[in-house]
Amino acid sequence: MTTSKPAGGRGAIAASLKAFRRQRIPIKVIGSFLHANKVHGGFDCPGCAFPDKPGRPLVDSCEQGQKAIAWEMTRKAADATFFDGRTPEQLRALSDFELEFQGRLTTPVLYERSTNQYRAIDWDEALRVAATELNALDPKTVAFYASGRSSNEAAFLWQLLARSYGSPHLPDSSNFCHEPSGYALKQSIGIGKGTCQLDDFEQAELILVIGQNPASNHPRMMAALYEARQRGATVLVLNPMAERGFTNFSDPKNLGELVSNRGIPVANAIHRVRLGGDLAALQGIMKALFELEARDPGKVLDHAFIDAHCEGLDALRDAVTSLEWPDIERESGLGQSAIREIADCYAKSRATMLTWCMGLTHHPRAVETIQQVTNLALLRGNIGKPGAGLMPVRGHSNVQGDRTMGATSQVSTRWLDNQSACFDGVELCRDDGCDAAAVIDGLFDGSMRALLSLGGNFGVAAPDAPRVLDALSRSRFTLHIATKLNRTHCHPGEIGLLLPTLGRTDKDLSGGQAQCISTEDSSSTVRASRGVQSPISERQLSEPMIVTRLGDAIGRAPAVPWLALADDYGRIRDAIEQCQRGVTEGFDDYRERLEKEGRFHLPNSAAQRRWATASRRANLIPAALVAETPLSTALARHGADVLALMTIRAHDQFNTTVYSNDDRYRDVAGDRRVLFIHADDLAQRGLHEGQRVDIEALVDDGVSRRAESFTLRAFDIARGCVAAYFPEASGLVPASNYSTGTRTPIYKEVPVRLLAIGNRI
Ligand SMILES: Nc1nc2c(c(=O)[nH]1)N[C@H]1C(S)=C(S)[C@@H](COP(=O)(O)OP(=O)(O)OC[C@H]3O[C@@H](n4cnc5c(=O)[nH]c(N)nc54)[C@H](O)[C@@H]3O)O[C@H]1N2
Ligand SMILES: Nc1nc2c(c(=O)[nH]1)N[C@H]1C(S)=C(S)[C@@H](COP(=O)(O)OP(=O)(O)OC[C@H]3O[C@@H](n4cnc5c(=O)[nH]c(N)nc54)[C@H](O)[C@@H]3O)O[C@H]1N2
Ligand SMILES: [Mo]
């Protein structure tokens, strides 16, 4: 494959310009891009959750951010003429790309099974229908999903709406995403968030990037890595795929590289771990570390830190030193010498950051793996000092904030009590609710009757996507608050509502005044966000406005001053401040600080070396090297035929939003039904590059899953591992197996076999 053109660089600028053209963004509007990520007067980029740096470059958003902004700012509209008289079957015939490419939703839309048609309606009718449906349903059969793009204010109202209506079911995109990170970190260090700040990249000596493709998914992190590398830091990557950003990256802000169109290898080394092999690799690194320590006592581990702060050193040492190298090599896919190299490098670094993303979380043993990452950091005191720490790099731009706002199925009693006190004794459902996995089970067996969603594309993002979409069509009621049309909307219940909302980039004049919202990024920085573009339709309402109107229309919680809250978002922030007391530190004077300072940081107890665990210490938690997983079961049953499939993002998509059929950084043009595979795995099967195959999942749960007609592409990827894009391959991911501890879908370790077309049975 050719890797002559760097990731980033000229290509990134050309791609941004193309996105503006395709979305027909007028030149004058492009000026508003300068507002992205600016604190005063600007909006928070609706792309990823990577922190931004105040006062930095003129345009502080990346190619991917600009695509996300262009997609939202488009003046194209899916309006009444588009919807009136259409059937779900007609809409489903459009591709995912075509559905969103219709433009912004500009009117409420109602679907009724009795006519099998959609039609535009006004807001009064929409609210009436919603209230009638919800008041006829048992609240315990209704789920309130949230994707991570909404604001803190909207997320707070969303959970208040659900629980005051009587439902505890608040599944969210985190259930599909970083859930294992939060869960693992809470057990290990007492807080479910990362401990790093953006500045740490400037002081780290070593950055370990695990299971992540930042060139496509967090390009601003590439800039941080690039700068770190330029000043002499070491960047080591654990990834089954040699992603372009690591081998050849050019910073679009570097003029010299722009002219030469050449980049630098940002990673010192890429270790092609096998899928799910990180657990063993990390244990191997720790084993090597303990061996170095035995040779040079007191020089390798940070004993002062461990003695003062950690619990469980002996058990961890026993667990990893007793492992045998051949077993570690087999499980990780890495050689002993490579693992020792990483350990040597780590032992020398005085400040190490460990970052990770979906390459760790979408696996059966995600929680245990993330705990090994944490163990590794703790052994050398790499938490709570400059240039060091743990950084789960979040996905959606406000997925972390949505969680801080309690938009999730399990919350503390204190959080519920505070809300009752805040809203005149309002009665809230206090049960633990269903997460996304349990909601999917409920949709399958018919016990979950309705799905409401604040953004997202639930039926496509879910495992077993086609089955979940079918199940949604069998439900009673669906309601989606959305900016753009997507496939989930084409699978309404007997009654379906589609409610058009403002996005981050739109000016929000709710209550007759310019409102601002707030978000929290991956480094726990809360910031203000103000849209800059006039909405294309008066019928688009803000998320807080829609949620409060629903609360008011349902009528079950008159103690909440719903409509007044949406007239002044400062009031929502006051309520949040009151409800966060004793729950989350750092929300004092929320309203004032947001208005005056524009941003503030939420304190992170672990970063201050305070451990909110039962033992009041950081826990070193060992794990077994081997455990039974769907992949190991399939290997035992079907032998060497089995490959491990990961479903990943192309460069031109944001989750289920497909911008084009290209993946520039993997040299793919015009095709998303591609399967990346090692050349030797092709040869071993008598297959060749360019040939088309069907992919069959080998999961023993009585459901047959096959994805048809994928083109084989030889790629620098670990042996035995293959990759395809989601959502194209999402139907192969079973909704019957989840990760241990959190029930996160195993999107990246599906046992499959390939069937050459012609051998179709
Ligand atoms: N432009 C853009 N930005 C995005 C998104 C987007 O779709 N587009 N999505 C946002 C969201 S919600 C999220 S969660 C993030 C996702 O960001 P990423 O996690 O970077 O996204 P994925 O494409 O899922 O990539 C997973 C990476 O992990 C590697 N990997 C897979 N399995 C393993 C494994 O077992 N071990 C190791 N070490 N590596 C593995 C893959 O090779 C790939 O490089 O990005 C966010 N930002
Ligand atoms: N097979 C497979 N499946 C996966 C993954 C994978 O790696 N492999 N990754 C998983 C991950 S990490 C995640 S986070 C989930 C993501 O799952 P979701 O968050 O459910 O999906 P998105 O594609 O981000 O949602 C896009 C839709 O959100 C709506 N939208 C966009 N902006 C706004 C807004 O400002 N407000 C509102 N109300 N709506 C808006 C638009 O209608 C758009 O169509 O997918 C998961 N699914
Ligand atoms: Mo995500």
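Counting convention: from 1, in listed order, for ligands and their atoms alike.
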Is there at least one pair of N or O atoms, one from [X] and one from ligand 2, spaced under 3.5 Å apart?
X    : result
A461 : yes
S730 : yes
T647 : yes
R504 : no
F726 : no

Please list the nearest protein heavy atom to [atom] with its residue and the distance rounded to 0.1 Å.
atom                    : answer
atom 43 (C) of ligand 2 : E100 OE2, 3.4 Å
atom 28 (O) of ligand 2 : G456 N, 3.0 Å
atom 38 (N) of ligand 2 : E543 OE2, 2.8 Å
atom 40 (C) of ligand 2 : T483 OG1, 3.4 Å
atom 10 (C) of ligand 2 : F176 O, 3.5 Å
atom 18 (P) of ligand 2 : Y145 OH, 3.4 Å
atom 7 (O) of ligand 2  : K748 NZ, 3.0 Å
atom 21 (O) of ligand 2 : N457 N, 3.5 Å

Element-labelled atoms of ligand 2 that are located less than 4.0 Å from some non-hydrogen atom of [X]:
X    : value
C177 : 12 (S), 14 (S)
G455 : 37 (C), 38 (N), 39 (N)
T501 : 36 (N), 37 (C), 38 (N)

inquiry  = Checking the side chain of E72 only, and the main-chain atoms of T505 only, is there a donor and an acceptor separated by less than 3.5 Å?
reply    =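 Yes; judged by distance alone, with no hydrogens or angles, the pair exists.
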N-O pairing of [X] and [Y] below 4.0 Å:
X    : Y    : result
R403 : D172 : yes
D402 : R149 : no
R743 : E179 : no
R487 : E98  : no

message = If the contact criterion is a heavy-atom separation under 4.0 Å, does P240 count as touching ligand 1?
response =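 It does, in that a heavy atom of P240 comes within the 4.0 Å cut-off of ligand 1.
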ask   = Should the proximity of E749 to ligand 1, defined as any heavy atom under 4.0 Å, be assigned to the side chain, the backbone, both, or neither?
value = neither
inquiry  = Under 4.0 Å, heavy-atom basis, I'd like to know which part of S216 is in contact with ligand 1: side chain, backbone, both or neither.
reply    =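 The part of S216 near ligand 1 is the backbone, not the side chain.
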Ignoring hydrogens and angles, state whether a donor on the side chain of [X] or [Y] is under 3.5 Å from an acceptor on the partner side chain.
X    : Y    : answer
T519 : D44  : yes
T488 : H480 : no
D663 : Y725 : yes
Y569 : S510 : yes

For I648, the ligand 1 atoms whose distance to one of its heavy atoms is below 4.0 Å = 23 (O)
inquiry  = Could you measure the distance from the NE2 atom of H363 to the CG atom of L279? Nearest 0.5 Å is fine.
reply    = 11.0 Å
Inter-residue atom distance L541.CG - I546.CD1, 0.5 Å rounding = 5.0 Å
inquiry  = Given E72, Q653, R649, H178, identify the one with the heavy atom nearest to atom 12 (S) of ligand 2.
reply    =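 Ranked by closest heavy atom to atom 12 (S) of ligand 2, first place is R649.
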query = Taking the six-membered ring for Trp, are F176 and Y145 parallel (under 30°), tilted (30 to 60°) or perpendicular (over 60°)?
reply =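 Correct class here is tilted.
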